[in-house]
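Proteins get letters first, then strands, A, B, ... in listed order; numbering begins at 1 in each.
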There are 2 protein chains.
Amino acid sequence: MTEAMLVVSALDAAGYRLTGPRRALATVMAEMDGPFTAARVAGEAHDRGIRVGRATVFRTIDALERAGAIERIDLPSGEHAYVACAPAHHHHVVCSACGHTAEVADGALVALVTEIGRRTGFRIDEHRLELFGRCPSCVRAAGEGRG
Amino acid sequence: MTEAMLVVSALDAAGYRLTGPRRALATVMAEMDGPFTAARVAGEAHDRGIRVGRATVFRTIDALERAGAIERIDLPSGEHAYVACAPAHHHHVVCSACGHTAEVADGALVALVTEIGRRTGFRIDEHRLELFGRCPSCVRAAGEGRG
DNA sequence: CATCAAGTGAGACTGTGTATCATCTTGCCA
DNA sequence: TGGCAAGATGATACACAGTCTCACTTGATG
């Protein structure tokens with residue numbers, strides 16, 4: 001519930017109105033486990049009896065992204081997914097098995113990006129690092145499964 | 001032309017048949033300046049008088065990606081674009097102004113990814129780093145324009 | 001509690017990518 | 001050189017993501 005409140009208040013702080021559909025969708029997204037697509041949000045909302053138009057789902061996702069409460073991830077499959085996360089700059093590690101995600105601080109990457117800028121001569125304004133693999137418990141489960 | 005031949009031979013090496021449409025599309029892609037979307041490839045092919053079905057464009061892009069001759073990039077706009085590039089693991093820096101790209105060796109990132117794996121406990125199988133900014137000549141052009 | 005800008009839902013619409021299937025082409029081998 | 005089977009093609013239908021419009025509703029503010 002706290003997570004949902006954070007997402008809602010991010011909307012508020014960014015100057016968006018707090019409407020019924022937005023609160024409901026923000027809650028759904030905050031409670032999602034792992035990255036979610038627009039379609040999954042719509043489906044989950046429907047399952048919970050929340051009646052919202054498809055356009056509103058897209059608009060709310062857009063608003064939340066602008067507000068910094070969620071962030072887009074491009075899955076290896078090509079799908080656009082989102083993750084609820086802190087507004088500070090960071091990156092995501094996604095478990096390909098269970099969808100669980102972890103946030104990673106920017107840290108050492110900044111230096112690397114600077115170095116790349118120097119080497120290529122580009123002025124780098126934006127970067128995105130996405131990591132995919134298996135989370136600790138899925139690694140353990142696979143290990144046990146195998147012997 | 002050499003670039004185009006590289007792309008075509010990558011198809012051959014991966015066991016795909018070298019058909020007329022594939023040669024033509026591979027040439028179009030190899031000669032593209034900057035990242036290209038499927039729609040742009042189809043449009044450019046059409047402009048050159050190459051008559052191919054839309055499905056063939058998607059299939060050829062897919063084949064070239066599997067063959068390692070092109071690589072997918074997710075633009076900040078959300079579009080899926082591709083770049084012709086060497087098959088070795090590396091990353092791309094894309095100029096948001098002119099579309100020019102540069103390749104960056106993996107280098108120091110490997111250590112960083114390993115460190116992230118250790119810190120999060122994830123077994124990281126795959127990573128993607130994309131950088132966006134301005135290429136040297138666009139930086140220069142902007143500087144001159146301003147004063 | 002009245003006002004109005006902002007938000008909503010329905011549905012049409014655009015664009016991307018996939019599936020199907022009859023027809024055609026390539027690579028191979030005699 | 002010609003025939004053949006596997007693989008590729010193109011047309012078209014389809015599934016789905018995302019946008020746009022517009023009449024109607026709702027939230028924040030005084």
Side-chain angles (χ1 to χ4, degrees), chain A residues 7-29 32 35-46 48-67 69-82, chain B residues 7-29 32 35-46 48-67 69-82:
Chain A
V7 173
V8 170
S9 63
L11 266 188
D12 193 18
Y16 291 97
R17 286 192 182 169
L18 299 184
T19 66
R22 280 186 182 158
R23 282 171 198 277
L25 289 172
T27 303
V28 168
M29 292 189 228
M32 278 284 186
F36 48 85
T37 61
R40 256 194 78 206
V41 173
E44 181 67 23
H46 181 266
R48 295 195 192 185
I50 302 166
R51 294 204 2 88
V52 289
R54 226 163 50 87
T56 299
V57 174
F58 283 104
R59 282 188 288 231
T60 302
I61 285 177
D62 196 58
L64 284 172
E65 197 183 3
R66 282 172 207 275
I70 64 175
E71 209 169 275
R72 200 186 77 217
I73 285 189
D74 296 292
L75 300 181
S77 66
E79 285 177 309
H80 291 162
Y82 297 83
Chain B
V7 173
V8 170
S9 64
L11 266 189
D12 193 19
Y16 291 98
R17 287 193 182 169
L18 300 185
T19 67
R22 280 185 182 160
R23 282 171 198 276
L25 289 172
T27 303
V28 167
M29 291 188 227
M32 279 284 187
F36 48 85
T37 61
R40 256 193 78 206
V41 172
E44 181 66 24
H46 181 266
R48 296 194 190 186
I50 301 166
R51 293 201 7 84
V52 288
R54 226 163 51 85
T56 300
V57 173
F58 284 104
R59 282 187 289 231
T60 303
I61 285 177
D62 195 58
L64 284 171
E65 197 183 4
R66 281 172 208 275
I70 65 176
E71 208 169 274
R72 199 186 77 215
I73 285 189
D74 297 291
L75 300 182
S77 67
E79 285 178 308
H80 290 162
Y82 297 84

Quick one: B:Glu79 CD to D:dG18 P, roughly how many Å, whole number? 12 Å

Boundaries of the chain B footprint along DNA chain C (any atom under 4.0 Å from a heavy atom): C:dT16 to C:dG27

With a 4.5 Å heavy-atom cut-off, do A:Val28 and A:Arg48 have their side chains touching? yes

How close or far is atom C1' of D:dA28 from atom CG of A:Leu11, stated in whole angstroms? 15 Å

Nucleotide-resolved protein contact map, nucleotides 7-12 of chain D, B/S/- at heavy-atom distance under 4.0 Å: BSBBS-

Report the distance from atom OG1 of B:Thr60 to atom OH of B:Tyr16, rounding to the nearest 0.5 Å. 10.5 Å

Please check this pair: side chain of A:Arg54 against backbone of A:Ala38, looking for a donor-acceptor N/O pair closer than 3.5 Å. no

For atom CZ of A:Arg66, decide whether the heavy atoms of other residues, nucleotides or ligands shown that lie under 6.0 angstrom number more than 12. no

Testing A:Met29, A:Met32, A:Glu79 for side-chain contact (heavy atoms from CB on, under 4.5 Å) with A:Arg40, which one passes? A:Met32

B:Ser9 side-chain N/O to B:Asp12 backbone N/O, donor-acceptor pair under 3.5 Å: no

Please check if the side chain of A:Arg22 supplies one atom and the backbone of A:Arg17 the other of a donor-acceptor pair under 3.5 Å. yes

Distance col, row B:Thr37:OG1 vs B:Ile61:CD1, nearest 0.5 angstrom, shows 7.5 Å

Between C1' of D:dC16 and CZ of A:Arg40, the distance in whole Å: 17 Å

